[in-house]
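First up is the structure itself, then whatever we jot down about it.
Ligands are counted one by one from 1 in listed order, and the atoms in each one are counted from 1 as well.
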Amino acid sequence: PDTGQGIFNKRFLKEIEDLGEGNFGKVTLCLYDPANDGSGEHVAVKALKQENGNIAGWIKEIEVLKSLDHCNIVKYKGCCSERGGQGLQLIMEFLPQGSLAKYLPKHKPHQSQLLIFAQQICQGMDYLHSKRYVHRDLAARNILLDRNTQVKIGDFGLTKCIPEGASYYRVSENEDSPVFAVECLKDNKFSFASDVWAFGVTLYEIFSYCNSKQSPPKKFNEMLEKPSKMSQMLLISLLEKQKRLPCPKNCPLEVRMIMERCWATEPQQRPAFISLIENCTHNMSVIL
Ligand SMILES: CC(C)(Nc1nc(-c2c[nH]c3ncc(Cl)cc23)ncc1F)C(=O)NCC(F)(F)F
């Protein structure tokens, strides 16, 4: 359907509906229909939000996604110039079932299926880290579902490459994301270990079936004496008192143990994704 080496002609892209706003731009569901008879394929098209106009960051995001090739990472399909030709659009595969945040509350799959999803996320993240990329926004809303059984990590808008020899990436400002590891909140330091922390929070979301009443920000707010707007300072003080998200209802103890290891205060105490893959596999046999 497309011209092979990932070049799409914008005149064959027919907008269908908005999918959402990512970290860098808006994503639209389009039909790529060169035959102009409706026989084309659905694609997700991401255009850079003009106002922030961070072209360098945008090119970076396209380069990152283009360099990734893994069954648990949303597929890059190509790019094309924007209508009127001034911008560059990123063309990705479209997954009709949407994100886990939408799917889990509705379908409530068995816990063994949740562990299969968790293991696939670890496989995708292990691959990403093997290329020295840090995702920086791992959360259930950024995990897509493909045909009921395969999950794919998406939205690489905040992804950074950790230079060889360095162990973390320090960002200038700290984008507003729900729960960060302590070192991110305090020193804006992102590392492979801060992605592991985020995986622990994602595991919590998955085993609470993304129930918004049990969402991480809500649960942390409940831990404050007087519930107020959760500020970073308040969250840091809770985390430094070793407060952590509670165990989701009916969550097996083994899974709770994985979460707690991901939330070790010291980054180097947290497991790497390669060992988390093992943990998920082992626990699957326990839960099945
Ligand atoms: C910002 C955007 C658009 N948001 C959403 N995408 C899709 C959505 C549903 N199916 C999709 N197929 C491909 C893509 Cl790139 C997105 C979707 N569904 C709901 C969204 F809010 C997104 O990119 N989210 C990260 C992702 F979920 F993709 F990991």
Please output the side-chain donor-acceptor pairs of residues 157-167 that fall under 3.5 Å, not counting sequence neighbours, one pair per line with the distance.
from, atom 1, to, atom 2, distance (Å)
Thr159, OG1, Phe156, O, 3.3

Criterion side chain to side chain donor-acceptor pair (under 3.5 Å) on Arg244 and Thr265, from CA distance to verdict: CA-CA 10 Å; Arg244 293 295 184 268; Thr265 305; 3.2 Å; yes
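Side-chain contact check for Tyr76 versus Leu68: every heavy-atom pair is 4.5 Å or farther apart.
Using a heavy-atom distance under 4.0 Å as the criterion, the protein contacts of ligand 1 are Leu19, Gly20, Glu21, Gly22, Val27, Ala44, Met92, Glu93, Phe94, Leu95, Gly98, Arg141, Asn142, Leu144, Gly154, Asp155.
The number of heavy atoms from other shown groups lying within 6.0 Å of NZ (Lys243) does not exceed 12.
Residue pairs meeting the side-chain hydrogen bond (donor to acceptor under 3.5 Å, both in side chains) criterion with at least one member in residues 92-105, sequence neighbours excluded, are Glu93-Lys152, Gln97-Asn148.
For the ring-ring contact (aromatic ring centres under 6.0 Å, His included) test, no residue two or more places apart in sequence or in another chain qualifies with Tyr133.
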